[in-house]
Each structure stands twice: as structure tokens, then as C-alpha cells.
Amino acid sequence: MSARIVVAGASMAGLRAAEQLRAAGWTGTITLIGDEPHMPYNRPPLSKEVLAGKAPFESLAFRPRASVSDVEWRLGTKAVAARLSDRIVELDDGEALSYDGLVIATGMRPRRLNCPGPRTGRHTVRTLDDAQGLREALTRPGARVVVVGGGFIGCEVAATAVGLGVAEVTVVDPLSLPMVGPLGELLGRALLKRHEERGVRFVLGTGVAGFEGEDQVTGVVLADGTVLPADVVVESVGSLSNVEWLDGNGLDLSDGVLTDELLRVGGRPEVVAVGDIARFPNVRYDGVPRRVEHWCIPTDTAKHAAKALVAHLTGGGTEFGPFAPLPTFWSDQHEFRLQSFGAPALGRDDVRVLDGDLDGDVVAGYHSAGRLVGVVALGGHAAASAAARYRAELLKQPVPTAQGAP
């Protein structure tokens, strides 16, 4: 029987891990386990093009590389437990899969509000089925929409709803500005202004206490007792890591899965984590382990982790340079785009306009101890082009050269 690597999680991170395992020279069996029935697909369009009815599923599905044509797919199957000391993953159908190497790629799920009231009419946006169900609700005549949470997904859904012609769209957030966590106050205020000019109402500085209605939501009760009429509620209040199946193995699961600089887990060179579940140190910054929920991270982590895992399993002994990815995200809202490079959240206390102005296309720089650590563009093509120039500056910054070995 050939050696096997089990990849737990069959979304983008799992697919990229399988591709990178082959690229790193793994010729043994690869088994991917995924709880959704779909092949891996692109999630960012769910809150935009899919909700707007502009993107069928066929346009979202990734096209796997030829190198993974022999991968064994276990879709509609969930990993429910693991015995790392025995190298066993237990599935929800009762099967116990043995492995030589394990890739943890089980990702995130939406956090839900723990508030009294009916559940019907309350939506999240994480999966294709979520987006399709929400689209049906948004396109009902006269829908009143309340989005709870002013982060990436919340702002994107609000913008898409306005674009669909929904007359009442309200965003509720306990913070003072939309996306103030990753962007800070300067761009948070600019973003608020642009949304309000396009018809989105914001209720900021308050949370949600409950929901009105019998079998179906009819209103959102705020912490101060105010009731917002609502037929459709979108809960965009963060994510939870899918780590429960790893309980009992002595791992640090306090925020995703803690890894070392090679994405190895719990001191076990045969186990790695990839994607937004991995809490890894990035020597480009301060080396503090953090999870990063950006589109580029599955590919970046998969490439690094696959090399380390294959080297361990095959006795390659290859040395590795430091893991120093440059995080990147974008967010399309209305007709403008947010484009970010680096780690702006680390420099929110020192934000400067680098290019343009806040009323038009603008690029802001985020600094920590006087060092540029991130740039964010807000606007159209001119802002994105300017941000790309600063991306090159970020990539030129020196990073530590210490190496690790599997």
C-alpha cells in the first residue's frame, strides 16, 4: 500500500495543498476530505457577483491542475476526530483513515449571534448554498434588509443589496466606523461616506439584543431598545475556526491551529496546517503568530507547508527560507474597490495619505515605528495602480534570513 497524505478540508486551501504536494515531489496517495458536496470554488464572489445574479456556480469552480487528476476526493464527508499519535482521522461515516502525513485545511465557519428570537430570515454568507438562499431573499419585492456587522462581508452585501434595488439597507455595528479594525479611522470615515452617498444607512456604536417575530424575523432589536424593521437579516459578525475535530491532541487551538514557521503543528513534522485556520508567524513583521483570512493565504501557506511535509516524509532534508508572505486583499463595494497590500492593521495608529485625496482615488500608508507595513487603495483604477507601486516598495524591505529545517 502506498504512503498517503490526508488533506482535511476540500476548499481552496485543500486544493492548493494537493497541488503543491505534487509540485514538491509527492507521488503517493492524496485523499481530500470535504464536508460540502461541491468541488473547490472561489468564495469572494459569493457576497458580490453570486448575490447579484451575475455568476453561476460553473464560473466559481476552480480548475484543478493536471497533477492532481489522481487525487481521491471524499466530498460530503466530514472529519470528526483525529488521533495524531496514531496517525488516524475519523470521518462522520464511521471510517477511520490512516495517514503518513496530514494537512489541516478545515477553514472557518460564520459566527452566529446568540440572541433570542426566530431563526428564519437570518442568513450568513460562507458557502454557495448560503449565497443562493440569500439572493432569493434579497430579490423579494419590498425586502427590508439589516446587515449586522460592518466588516468586509457586511459592507459587500450591503453594497450588493443596494445594487439590486433593495430600498431599505441598514448596517448595524457596535464599532464607530465600518471596517475600522483593518482600515483604521481615516479610511473608515471615507468608506462610511461613500456607502451613505449610495443609499446605505448605518447604525453604529450599538449591538443587537434580539429579533422580533414569531416564525419569521420581522425586526432587529438593538441594545438600546430600538427596533429596526427587517425581513432579511445578514449576520456578518466574524468567523469561528473548525478545530473541534482536533480536540484531545494537546494542540493550541485557541485561535485556529498554532503552527511553527514551517506550518508544522504541535511539534509533529508529519502534520501541517494551511489556509485561514493556520496561525503562523510571519517574519516579515514581528514574528507573532496570527491567522490571516485573505484570498492569497491558502496558496502561500500551501506552498511552504507542502515543501516541509514532503521533505520530512521523503527524507529530503531541504533547508527552507523564512516564511514571509505579503498579505493581499481586495473588496469590491458599489463601483469602487478596496485594495490592500501588507498588514495595515499593524499600523492603524500612524496612517498617512500617500497618493490622491480622501474624496476621490486615495492610497493610505500604514506605519509601525516609522516603517511602512501596509498600503490600502480606495477608489478606481488610478488608486489601484498607485497602490501597486507601493507594493513593490513593501516587497523590497529586508526580512530576516534565518532558515528552518524539517
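Scope of the values below: all heavy atoms of this structure, side chains included, with no hydrogens, waters or symmetry mates.
- Electrostatic pairing of Lys396 and Glu393 does not count as a salt bridge here, judged by no charged N lying under 4.0 Å from a carboxylate O.
- Residue pairs that meet the salt bridge (charged side-chain N to carboxylate O under 4.0 Å, His left out) test with at least one member in residues 127-149, sequence neighbours left out, are Arg144-Asp231.
- Going from atom CE of Met179 over to atom CG of Leu338 covers 5.0 Å, rounded to the nearest 0.5 Å.
- Contact annotation: the side chain of Val271 never approaches that of Leu251 to less than 4.5 Å [non-hydrogen atoms, C-beta and beyond].
- No more than 12 heavy-atom neighbours from other residues, nucleotides or ligands sit within 6.0 angstrom of CG on Asp349.
- Atom-to-atom distance recorded for Thr124:OG1 and Arg112:CZ is 5.0 Å, nearest 0.5 angstrom.
- With rounding to the nearest 0.5 Å, the separation of CD in Gln20 from OG1 in Thr301 is 9.5 Å.
- Side-chain atoms of Gln339 never come within 3.5 Å of backbone atoms of Ala387 as a donor-acceptor pair (strictly under, hydrogens ignored).
- A parallel orientation is assigned to the rings of His304 and Phe323, their planes being inclined by less than 30° (bins at 30° and 60°).
- Summarising the geometry of Trp26 relative to Arg4, their closest heavy-atom pair is CZ2-N, 4.1 Å, with the distance given to 0.1 Å.
- Using modelled atom types, one finds a donor on one side chain and an acceptor on the other under 3.5 Å when comparing Arg279 with Ser254.
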From CA spacing to verdict: side-chain contact (heavy atoms from CB on, under 4.5 Å), Ile104, Trp245: CA-CA 10 Å; Ile104 299 169; Trp245 66 283; 4.0 Å; yes

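- Between the side chain of Asn242 and the main chain of Met108, a donor-acceptor pair closer than 3.5 Å is present.
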Working for salt bridge (charged side-chain N to carboxylate O under 4.0 Å, His left out), residues Glu196 and Lys193: CA-CA 5 Å; Glu196 289 181 331; Lys193 179 181 177 182; over 6 Å; no

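- Counted within 6.0 Å of CD on Glu72, heavy atoms from surrounding residues, nucleotides or ligands total more than 12; the atom is thus considered enclosed.
- In summary, the side chains of Arg371 and Gln397 do present a donor paired with an acceptor at a separation below 3.5 Å, with no hydrogens or angles considered.
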side-chain contact (heavy atoms from CB on, under 4.5 Å) between Asp300 and Val292, worked out: CA-CA 11 Å; Asp300 289 341; Val292 182; over 6 Å; no

side-chain contact (heavy atoms from CB on, under 4.5 Å) between Leu372 and Leu394, intermediate numbers included: CA-CA 7 Å; Leu372 183 68; Leu394 290 170; 3.9 Å; yes

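- Judged by distance alone, the side chain of Ser385 and the main-chain N or O of Ala382 form no donor-acceptor pair under 3.5 Å.
- Arg201 and Glu168 are not joined by a salt bridge, as no carboxylate oxygen comes within less than 4.0 angstrom of a charged side-chain nitrogen.
- Annotation for Val146 and Ala230: closest pair CG2-CB, 3.7 Å, computed over non-hydrogen atoms.
- Ser331 and Glu156 form a side-chain donor-acceptor contact under 3.5 Å, judged by distance and modelled atom types alone.
- Looking at Asp276 and Arg126, a side-chain N of the basic residue comes within less than 4.0 Å of a carboxylate O on the acidic one, giving a salt bridge.
- The shortest side-chain heavy-atom distance between Phe280 and Val257 does not fall under the 4.5 Å cut-off.
- Taking every heavy atom of both residues into account, Ala24 and Val310 meet most closely at O-CG1, 3.5 Å.
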side-chain contact (heavy atoms from CB on, under 4.5 Å) between Ile5 and Leu313, intermediate numbers included: CA-CA 10 Å; Ile5 293 176; Leu313 294 177; 3.8 Å; yes

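- Separating the NE2 atom in His123 from the OG atom in Ser236 is a distance of 13.5 Å, to the nearest 0.5 Å.
- In this structure the side chain of Arg43 reaches within 4.5 angstrom of the side chain of Ser11, judged on heavy atoms.
- With contacts defined as side-chain heavy-atom distances shorter than 4.5 Å, the pair Val283/Glu261 does not qualify.
- Here Leu222 contributes atom CG and Leu228 contributes atom CG; the two are 4.5 Å apart, rounded to the nearest 0.5 Å.
- Judged by distance alone, with hydrogens and angles left aside, the side-chain atoms of Asp355 form no donor-acceptor pair with the main-chain N or O of Val363 at under 3.5 Å.
- Under 4.0 Å is where a charged nitrogen must lie from a carboxylate oxygen, and between Asp332 and Arg337 at least one such pair does.
- The shortest side-chain heavy-atom distance between Thr29 and Thr31 falls under the 4.5 Å cut-off.
- The shortest heavy-atom contact between Cys115 and Gly210 is CB-CA, 3.8 Å.
- The two atoms that bring Trp73 and Ala10 nearest to each other are CZ3-CB, 4.1 Å, heavy atoms only.
- Two residues are said to be in side-chain contact when any heavy atoms from C-beta on lie closer than 4.5 Å; His334 and Arg194 fail this criterion.
- Atom CZ of Arg111 is separated from atom CG of Leu113 by 9.5 Å, given to the nearest 0.5 angstrom.
- Between the side chain of Asp361 and the main chain of Gly379, no donor-acceptor pair closer than 3.5 Å is present.
- Asp224 places no side-chain N or O within 3.5 Å of a backbone atom of Thr206 that could act as its donor or acceptor partner.
- At least one side-chain heavy atom of Val220 sits under 4.5 Å from a side-chain heavy atom of Phe211.
- Remark: side-chain polar atoms of Asn282 are paired, donor with acceptor, to backbone N or O of Pro325 under 3.5 angstrom.
- Nearest heavy-atom pair across Leu258 and Pro289 is CD1-CB, 3.6 Å.
- Heavy-atom contacts from other residues, nucleotides or ligands closer than 6.0 Å to NZ of Lys303 number 12 or fewer.
- Between Phe62 and Arg16 the shortest side-chain heavy-atom distance falls below 4.5 Å.
- The backbone N or O of Glu58 lies less than 3.5 Å from no partner atom in the side chain of Tyr41, so there is not a single donor-acceptor pair.
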